[in-house]
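Predicted model, so just to flag it, every value in this text is computed and none were measured. To find a chain, count down the sequence lines: A is the first, B the second, and so on, and within it residues start at 1.
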Protein chains: 2
Amino acid sequence: MGADKKAQWSRKRLEESEYRLTKPRRAILDVLLHTDEHLSAEEIYQRVYSDYPAIGLTTVYRTLELFVQIGIVLRFDFGDGRARFELSVGPEVQGSHHHHLICTNCNKIIDYTDFIEDEIELLKKTEKGLEALHNFKINNHIIAFYGLCEDCRNENKEKNNEGMRDV
Amino acid sequence: MGADKKAQWSRKRLEESEYRLTKPRRAILDVLLHTDEHLSAEEIYQRVYSDYPAIGLTTVYRTLELFVQIGIVLRFDFGDGRARFELSVGPEVQGSHHHHLICTNCNKIIDYTDFIEDEIELLKKTEKGLEALHNFKINNHIIAFYGLCEDCRNENKEKNNEGMRDV
DNA sequence: CTTGCTGCAAAGTGTTTGCATACAT
DNA sequence: ATGTATGCAAACACTTTGCAGCAAG
């Protein structure tokens with residue numbers, strides 16, 4: 001959904017920023033543009049490394065921080081001990097907003113867009129209400145469901161996953 | 001809101017578990033019962049330490065993991081690099097379910113119960129739909145809003161917090 | 001008594017920082 | 001030319017693991 005728009009938007013935003021257009025930055029953006037996974041810094045590093053071995057992990061961290069700053073990347077903590085990153089779509093591109101379904105056994109992450117419309121509508125109302133009530137300026141929200149994915153259900157590990165919850 | 005019920009429920013659940021009722025475990029549960037904050041392992045350790053200096057940080061970690069297992073504690077990752085814990089209410093006690101409002105500047109966490117009813121209703125429907133669609137067994141969910149709290153709004157740091165989102 | 005639980009120290013993991021060099025503008 | 005960005009190594013912060021001694025049942 002709008003991979004090109006996404007690319008255009010984020011590249012433009014990067015070019016228009018105060019920051020220098022370096023090879024590592026372009027390479028990292030490219031990796032993010034060509035995946036729909038939620039990659040960790042290490043994973044991004046490895047992918048960049050494969051055709052740009054001069055890259056350093058530190059640079060990946062710093063670049064991701066920068067991308068989050070200028071708003072082209074979103075950072076998630078799903079509770080498995082490492083941060084994960086995905087491209088933001090920006091306010092211009094509608095329809096690719098999604099939430100997450102996370103398997104507490106294998107850490108698989110599923111994006112879903114089903115039922116999103118109702119969720120977003122409710123969230124907007126809630127946001128307004130909370131802003132007024134708590135004098136809070138809300139910039140973002142997260143919704144995620146935790147449970148067992150199809151595969152792990154079948155394996156039917158007797159692990160107790162109740163009570164596990166991560167924001 | 002049912003602090004006693006909470007205490008009863010979690011103590012009972014601990015006693016009925018296979019696990020031994022040790023002094024550290026009781027002490028840690030007590031700390032959790034007497035706060036409404038979202039404490040980190042380290043913070044819990046410090047509070048236990050003040051009247052039970054024999055406690056070790058390792059035990060706190062292991063005990064919290066255990067409590068999560070038996071379902072009396074919930075674990076959250078708000079994206080500030082440390083896990084936070086709060087007592088679960090258990091399915092028996094209704095009305096104390098809440099979601100979170102998180103300040104991306106000072107990391108303050110506000111529990112809110114406002115608008116919760118509508119949220120829960122929608123979440124239930126969504127859960128059902130997602131379970132059917134993705135063959136997923138959902139055990140839990142999270143909702144959190146990120147933004148600037150009243151105090152940090154006023155200080156009006158020019159830090160750009162857009163695009164910051166966790167989980 | 002027996003086995004699980006504990007504390008300490010050490011190891012692990014993901015992330016950040018200091019600094020000299022390299023590069024974009 | 002000038003100051004930002006980079007990579008390396010070291011430092012950090014949180015969490016987990018190994019192990020010998022302790023204590024709950």
Side-chain angles (χ1 to χ4, degrees), chain A residues 11 14-31 38-70 72-73 75-85 107 159 164 166-167, chain B residues 11 14-31 38-70 73 75-85 104 107 159 164 166-167:
Chain A
R11 289 213 181 92
L14 180 54
E15 283 160 22
E16 284 171 352
S17 76
E18 295 269 279
Y19 304 99
R20 293 187 180 168
L21 230 50
T22 65
K23 189 164 181 186
R25 286 176 184 172
R26 260 182 288 234
I28 291 165
L29 181 55
D30 261 15
V31 166
H38 308 77
L39 303 176
S40 66
E42 176 75 37
E43 288 166 336
I44 292 168
Y45 167 76
Q46 283 165 11
R47 299 200 185 187
V48 174
Y49 185 92
S50 59
D51 58 45
Y52 182 49
I55 192 75
L57 181 55
T58 306
T59 301
V60 175
Y61 275 106
R62 282 192 282 229
T63 302
L64 288 170
E65 188 189 2
L66 171 68
F67 286 180
V68 170
Q69 290 275 36
I70 66 179
I72 65 180
V73 161
R75 180 185 186 279
F76 295 85
D77 280 297
F78 290 115
D80 63 343
R82 74 200 66 195
R84 296 182 175 277
F85 302 86
N107 289 321
K159 278 175 69 176
M164 176 61 182
D166 296 82
V167 161
Chain B
R11 289 213 181 94
L14 180 54
E15 282 160 21
E16 284 170 352
S17 77
E18 296 268 277
Y19 304 100
R20 292 186 181 167
L21 229 51
T22 65
K23 188 163 180 186
R25 286 178 184 169
R26 261 183 288 234
I28 291 165
L29 181 55
D30 261 16
V31 165
H38 307 77
L39 302 176
S40 65
E42 177 74 37
E43 289 166 336
I44 293 168
Y45 167 76
Q46 283 165 13
R47 299 201 183 185
V48 173
Y49 185 93
S50 59
D51 58 44
Y52 181 49
I55 191 75
L57 181 54
T58 305
T59 301
V60 174
Y61 276 106
R62 283 192 283 228
T63 302
L64 288 169
E65 187 189 4
L66 170 69
F67 285 179
V68 170
Q69 292 274 34
I70 66 178
V73 161
R75 181 186 184 279
F76 295 84
D77 280 297
F78 291 114
D80 63 343
R82 76 199 63 193
R84 296 181 174 277
F85 302 87
T104 50
N107 290 321
K159 276 175 72 174
M164 176 62 184
D166 296 83
V167 169

> Checking side chain to side chain contact (heavy atoms under 4.5 Å, CB included) for the pair A/F67/A/L29: CA distance, chi angles, key distance, verdict?
Replying inline: CA-CA 9 Å; A/F67 286 180; A/L29 181 55; 4.1 Å; yes
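- You'll find a donor-acceptor pair under 3.5 Å spanning the side chain of B/R62 and the base of C/dG7, going by distance alone.
- Counting only heavy atoms from C-beta on, B/T58 has its side chain closest to C/dA9 among C/dT15, C/dA9, D/dC8.
- When the nearest nucleotides of DNA chain C are assigned to B/R20 and B/L57 by heavy-atom distance, the more 5′-ward of the two goes with B/R20.
- For B/Y52, whose side chain is taken as the heavy atoms from C-beta onward, the closest listed nucleotide among C/dG7, C/dC5, D/dG25 is C/dG7.
- At whole-Å resolution of the value, CD in B/E18 and P in D/dA24 are 18 Å apart.
- Taking atom CG on A/D77 and atom C1' on C/dT13, their separation rounds to 14 Å, with Å as the unit.
- Of the candidate nucleotides C/dT16, D/dC14, C/dT6, D/dC14 has the atom nearest to the side chain of B/R82.
- By the neighbour-count criterion of 12 heavy atoms within 6.0 Å, atom OH of A/Y49 is sparsely surrounded, having that number or fewer from other residues, nucleotides or ligands.
- Using cut-offs of 30° and 60° on the angle between ring planes, the pair A/F78 and A/F76 is parallel.
- Side-chain atoms of A/E42 and A/Q46 form a donor-acceptor pair, as typed in the model, at a separation below 3.5 Å.
- Nearest to the side-chain atoms of B/T22 among the listed nucleotides C/dC5, C/dT16, D/dC14 stands C/dC5.
- Note on A/Y61: a side-chain N or O is less than 4.0 Å away from OP1 or OP2 of C/dT15.
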